[in-house]
Structure formats: C-alpha cells, structure tokens
Amino acid sequence: MNIGNQCWVFWGIFLYISVCLGVDYDLDDRTGLGRSFDGIGALSGGGATSRLLVNYAEPYRSQILDYLFKPKFGASLQILKVEIGGDAQTTDGTEPSHMHYEDDENYFRGYEWWLMREAKKRNPNITLIGLPWAFPGWVGNGENWPYSFPDITASYVVSWILGAKQYHDLDIDYVGIWNERHFNNKYIKLLRYTLDKRGLERVKIIASDNLWEPITSVVIADKELQDAVEILGVHYPGTNTVPKALKTGKKLWSSEDYSTFNDNVGGGCWARILNQNYVNGKMTATISWNLVSSYYDDLPFGRDGLMTANEPWSGNYVVESPIWITAHTTQFTEPGWVYLQTVGHFTHGGSYVALTDERGNLTIITETMTHDHSVCIRPPLPPYNVTAQNVTFHLKGTFASVSELQVWHSKFDFKTNKTVLFQNLRPIKVIEGSFSIELDVDEVYTFTTVRNGQRGSYPDPPSSAPFPKSYKDDFDVSGNPYFSEAPNFADQTGVFEYFTNLTDPGPHVSTLRQVVTQRPVTWVADADQTISVIGDYKWHDLMVSCDIYMEAVHTGGVFIAVRVDKGGGVIRSTRGIFFWVYADGTYKVTNDLSGMTVLAEGLSGTRARVWYKLTLTVKGNYASADLNGYPLWKNAVLWEPRHGWVAIGTSSFELAQFDNFAIEALA
Ligand SMILES: *[C@@H]1O[C@H](CO)[C@@H](O)[C@H](O)[C@H]1NC(C)=O
Ligand SMILES: *[C@@H]1O[C@H](CO)[C@@H](O)[C@H](O)[C@H]1NC(C)=O
Ligand SMILES: *[C@@H]1O[C@H](CO)[C@@H](O)[C@H](O)[C@H]1NC(C)=O
Ligand SMILES: *[C@@H]1O[C@H](CO)[C@@H](O)[C@H](O)[C@H]1NC(C)=O
Ligand SMILES: *[C@@H]1O[C@H](CO)[C@@H](O)[C@H](O)[C@H]1NC(C)=O
Ligand SMILES: *[C@@H]1O[C@H](CO)[C@@H](O)[C@H](O)[C@H]1NC(C)=O
C-alpha cells in the first residue's frame, strides 16, 4: 500500500484509514465489456413544454438551441424525443395533430418539426424518437381509447413518421406506443407490420413508456412481440431495474426521467441518475422530461427542464446546472460507445461509470451526490450516506498505456453557494496505470482521453422582464406563417391556429381559429370547452378585448376571460372571470370555465357568422363587459380568483375565430 501522510496515526481505525488512503477501483476490459451506450437525451412535449421557445427573437433562440444540441458546446444532447401531437392536453398544454380530422393531413403544425430540424442541423447524429400521448377523436372513433381499431391508430402514427421524412427530411429512429397508458399486444405487432410494409424497417419500437411490468412479462411470453419490441423503455425507474427485464436481453432505457425543478438539487438529481441508471439498472439511455422549460412557470411542473427559456418577450433565458451535468457525459462519449463491466459504487458513497470506443478512448464519470442535494421529484429516494474520500483508479487491459487524462469538474457547494460547473482542470498524469483523486461530496468529475470538450458560452442574454402590460395581436401574418400558433398563447384544451380566409372581403382575412371539433382520445381530463391562456399569472386588474366569430350555427359559444387560475391536467376546474356570448342570442358571465357559477346572464342578440367585439374589464372586486362597445353588464362584484392569465376559448369542441386581440393590464 502506498502510505505516506498524516492518516498513518489513525492506522488502528480501519475505516478512517481507508478514507484517508483511498480505496482502489480497477477499470479493466480484459474480462469483456458491458452494455452498449445509447445516449442521453431530452423530451420536448408531453406536453407543450417548448411552446414559448419558438417565439424568441434571434440571436437568443439559436443560442438556446446551441446550449441544448450543439456538439461540444453545452448539453450536446444525443437523443431528442418529441410528442406526436394529439390535439389534447398532455401536461402543460395541447400539441396539434398532423391529422385533426380523418381527411386532413398537415406536417407543418406546432413546433416539434422545427425543433427536430434545428437539432439535426446542429448534430446530424442525434437520435430522434416520437411518442403519442393523445390522439384526435376520429382515431378512437368516438371512444376514449386508441386500440378499438388498431390498424387506424398504426397508420395514423406511421403517417407522422412518413411525413417527417417527406416534408422535413427527418429520419425518425424510434417510435413509442401510448405514453404512460395501456399498451395492446395486437397494436404493437400491427405497428411493426405497418412500419415494415411502408419501408420503415429501420424505425424501432420502444415499449411501453410506463413501468417495468406488465410489458416485461408480456415480451417474455410472446415471441412475436419480443421480435417487434426493440427497447424496454420505463419512466422514473429510480435507477433500478427488475431481474426479469435483464433476462429479456432487450436494451433497457429510462425513456423518461428527471422532471425535477432545475436548481442545483435538480442538477444533483440529474448527475446521480445519469450514472446510476446504468450502475444499478443497466439502462443505457436516459431521457429528461423536459428539454427546456419554455412554458409559463405557473403551469404544472414549472421549470422542470434542463434549462429555462420562458420569456420570449424579453429574450432572457437561463442555462441551468443540468445542462452542464449533461455535458460531463455527452461531450466525451457517443452512442455506440460501450460501458466497461467495471462500473459501480464508491465505498464511501457515490458512483462511477467508464465507457470506451473502438479506438481505445476512455471516459470515466464520477458523482458523489449527497442524498438531500440530489432528490428527484420521484420515486422516493431511500437514505444513504456520502462522505469525502480518496479514490485510486487502476487502468488495466487496453487502458494500461493511457498516460494522461483530461479533467472536467463540477461542484455544488451548498454551504458557500460557490457552485462550479463544467470547469476544465489541468490534465491528470496516469502513472503506471494509476491515478488518485480526492472526491468531495456533491461533485462530478469526468476523466477522459477525449481532448475536445468545450464549455460554450454567449454573452449574457437580456435581463428578465414581466410579460408586457400592453399587448396586441391582429394575427395578420403575411404569406405562410412559419408556425401554426400565435406567439405566447398556450392552448390548454383544443388547438388555436392561424387561419386565412381568402374569400373574406373585410378586415378578418387573417384570424386565429379553434379547430378541434371532436373530443380527442385524451391523456388527462381535458375540459369540455376549449381554452388558450396568455400573459402574466400575477395580473389582476385589466381590460381585454377581442373580435370573435362563431362558426357553429345553433350551439356555438365563445368567451374571453381574465384571472384564469389553472392550466394543465386540472384545466376542468379552472376558475376566473369568463365572458361568453352564444349563437342563440344570449350571454353569460361565469366564475369558472365549466360555467357552473353564473355571475350574470341575459340577452345579447349574438348569432353565428357575424363578427362581434367583446371587451371585459376587471378592477378590484368589480367587472364589466361590453359587446361592440355597448355595456352588456356592469360592475358585478366578484371575489375569487384574485389573479391569473387572460384566456380565449369556445363553449364546446367547435370552430370559432378570434381577431384583434388586445390586453391593457392596469395593475
Ligand atoms: C486524501 O488524501 C490526502 C493526502 O493523501 C489527505 O490529506 C486527505 O485528508 C485525504 N482525504 C480524505 C477525505 O480522506
Ligand atoms: C457523427 O458520428 C460519426 C460516427 O460516429 C462521427 O465520426 C462524427 O464525428 C459524428 N458527428 C458529430 C457532429 O457528432
Ligand atoms: C480517441 O478518439 C480520437 C477521435 O475522437 C482519436 O483521434 C484518438 O486517437 C483516440 N484516443 C485514443 C487513446 O485512442
Ligand atoms: C448515515 O450516517 C449516519 C451517521 O453516521 C448513521 O447514523 C446512518 O445510519 C447512516 N445512514 C445510512 C443509510 O447508512
Ligand atoms: C445560492 O444561490 C442561489 C442562486 O443564485 C440563490 O437563489 C440562493 O439564494 C443562494 N443561497 C444562499 C444561501 O446564498
Ligand atoms: C370566409 O369569408 C366569407 C366572406 O366573408 C364568409 O362567407 C365565410 O363564412 C368565411 N369562412 C370562414 C370559415 O370563416
């Protein structure tokens, strides 16, 4: 043993000695290698998590994309998974389907196509995955279930993959089944069959984006299914697998993980699971929900992305710690590298992994995250201890001749708050195959033969600013708008997209139109009304106006609203002050989206296919509403909610249009 420091005096206490002198760890490929590494990635969607990103001005939008995708710059992500929009609420909003109706096809809706293209532009090797959360109503033929006609569902999903290639030259590598919901054996086999029939043999299937069971047992029991499924993908596995899953011989992925507030504890969570998903669970890919927090903070799971970019109006964004934690692995590996068998836990807590390529490169990543500084949102993390420790690595086999390693270091210092992220330290000499290092708690190190890692940077973006108090949108976009959705509107039920009526001689040629006409096959409990929110959640006193046009002749209804207090999966119970007019000539003011609490109602004379201007003013405890500039209703007294977003929407799944939207926030 190589002894020679003050720790000698504690020779009698074995544990202390082992801390001081260090414990030895072999990194050796002579007994064979471990599993093949498939990459670290992130998920856009599930749902609408990149909504605000697309409306950033340049150069900020490209900078954000560089921090996420550009190789050797920031997170250098190796996998991008996106939602296959299904017109329904999928956590922080809805994403549009490429087929709202059975006879409709459009591969330019939403922002996921654009995002995939931008990712590919930066990293042509990035792996692309598509997964549905929800489906348009016609796919379920009126039932809230996608498997009644599995052939329809399979060709719907396959058309998305074909459209990606045809319209965007994107090769989708993997497709999933139904996010965190039931799978169906017949459907999976039919999906495989349909892919093959359409020349998409190279597109592999991930199942089932839920728990280890029942998919593992079903795959073991059914040979045909075994052949159809390439990857067992599980969500939030807590770094563990089950023996049965290992026995399948399938690749195991954590196909959704993280979902933790992106402060330094979030960074700690990410560091711990990136290593331990392999060490404990033999999972060879980990995918973060979500990619970038580009949705309003007050929607569910605010800031659970690798970085934050939810202020397109200011240009402000924040490169949070998970970006640099990702870089520790991604900048020094590529999918196709292989884990060594010699990976594991350190004696005094923490873990290490080592990966190699075909040319004898070696990348070692260590993490020593303490329990309280690395708790993820789920599952519960059992207690464990980590202490500072000396470790000695012995490089053997192919790696015995390595003489120097590049060193990258991150440390979350919760005492002094002096966090260091992805710092390039002096290379470490490897002497006769060995090197030692003192690891403190809450640190990540990369030791690697790869020399071209880089901590990318841009000048600081503009400072953070609240949503503008005075805001207007006439939805007039010349030519074909690049995105189908108007900036800053976050659809919570239904889909609102740009519409051009070339036969309209008047001022309403370009409008925003709600286009979902049938309740989708939902993922959560979408409202029975459609609604899109916008603005600052803290707003309380304001005036909102909008021109509206009901298309549904007898049953139509449209609203504008303020102080809208909820979005996401709880959208059904949203409250606020809602001003509705209906095609049957009546109006209503309600205190909730469901229309249960009526504050006022009466005759408005409104009908379908006529444009009207609605104005809603709320100040303190008083609200009033105008129709075409004439007061319909005045100074109603209201108490709750005290603040919230502005919203527009319809009384059912029906076509309706909106134009000349304007907000004046008074406070
Ligand atoms: C690691 O070793 C150094 C010197 O060899 C010693 O000073 C230090 O106390 C040790 N650290 C720990 C955490 O034991
Ligand atoms: C893509 O992969 C190939 C093969 O592994 C590699 O040579 C190339 O450098 C990669 N390109 C990027 C941009 O990572
Ligand atoms: C590691 O890979 C690089 C290419 O990225 C190659 O040039 C180098 O020779 C490799 N290093 C070793 C030790 O094999
Ligand atoms: C962690 O260390 C403390 C103090 O030494 C001890 O009481 C506790 O049992 C340890 N916890 C675990 C999970 O080992
Ligand atoms: C540590 O830094 C964070 C981020 O800058 C800050 O929010 C927090 O208040 C700081 N904590 C202490 C104890 O200084
Ligand atoms: C388009 O404009 C024409 C002329 O104003 C109108 O008759 C028609 O209803 C409009 N179509 C839609 C879908 O709004």
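Positions are given from 1 along the sequence. Keep in mind it's a predicted model, so treat the numbers as computed, not measured. Every number for a ligand or one of its atoms is a count from 1 in the order of the listing.
Exactly one of Val430, Asp26, Asp29 qualifies for a side-chain contact (heavy atoms from CB on, under 4.5 Å) with Leu395. That residue is Val430.
The Phe499 neighbourhood of ligand 6 comprises atoms 13 (C), with distances under 4.0 Å to a heavy atom of that residue. Near Arg513, the atoms of ligand 6 lying under 4.0 angstrom from a non-hydrogen atom of the residue are 13 (C). Shown in contact with Asn390 at under 4.0 Å from a heavy atom are these atoms of ligand 1, numbered in order with element: 1 (C), 2 (O), 3 (C), 8 (C), 10 (C), 11 (N), 12 (C), 14 (O). For ligand 6 and Thr503, the ligand atoms under 4.0 Å from any heavy atom of the residue are 1 (C), 2 (O), 3 (C), 4 (C). Ligand-side atoms of ligand 1 in range of Ala388: 13 (C), range being under 4.0 angstrom from any heavy atom. Within the listing of ligand 6, atoms 9 (O), 14 (O) sit less than 4.0 angstrom from a heavy atom of Tyr549. Applying the 4.0 Å criterion to heavy atoms of Pro505 picks out, from ligand 6, the atoms 4 (C), 5 (O).
With respect to the salt-bridge test (charged N to carboxylate O, under 4.0 angstrom), the residues Glu118 and Arg61 do not qualify. Using a 4.0 Å cut-off between a side-chain N of Lys or Arg and a carboxylate O of Asp or Glu, Arg609 and Glu551 do not qualify as a salt bridge. The pair Glu404-Arg426 fails the salt-bridge criterion, with no side-chain N (NZ, NE, NH1 or NH2) lying under 4.0 Å from an Asp/Glu carboxylate O.
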Practice task
Decide yes or no on side-chain contact (heavy atoms from CB on, under 4.5 Å) for Asn275 and Ser351, but give the supporting numbers first.
Solution key: CA-CA 7 Å; Asn275 263 21; Ser351 67; 3.3 Å; yes
Practice task
Apply salt bridge (charged side-chain N to carboxylate O under 4.0 Å, His left out) to Arg272 and Glu367, showing your working.
Solution key: CA-CA 6 Å; Arg272 182 173 52 76; Glu367 61 79 23; over 6 Å; no
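Taking all heavy atoms of Lys70, Glu334, Glu358 into account, the minimum distance to atom 4 (C) of ligand 2 is reached by Glu334.
Between Asp357 and Arg359, the closest heavy-atom pair is OD1-N, 3.0 Å.
Considering backbone and side-chain atoms alike, Arg609 places every N or O at 3.5 Å or more from each N or O of ligand 6. Checked against a 3.5 angstrom limit, the closest N/O atoms of Asn501 and ligand 6 fall inside it. At a 3.5 angstrom cut-off on N or O pairs, Glu551 does not count as close to ligand 6.
One N or O on the side chain of Thr530 and one on the backbone of Thr650 form a donor-acceptor pair closer than 3.5 Å.
If you check which protein heavy atom lies closest to atom 14 (O) of ligand 6, you get Gln657 NE2, 2.8 Å. Nearest protein heavy-atom neighbour of atom 12 (C) of ligand 2: Asn125 ND2, 3.5 Å.
There is no protein heavy atom less than 4.0 angstrom from atom 7 (O) of ligand 6. Within the 4.0 Å cut-off (strictly below), a protein heavy atom is located near atom 2 (O) of ligand 2.
A distance of 6.0 Å or more separates the ring centres of His373 and Phe412.
The closest approach between any non-hydrogen atom of His508 and ligand 6 is not below 4.0 Å.
The OH atom of Tyr25 sits 11.5 Å away from atom OG of Ser436, with the distance rounded to the nearest 0.5 Å.
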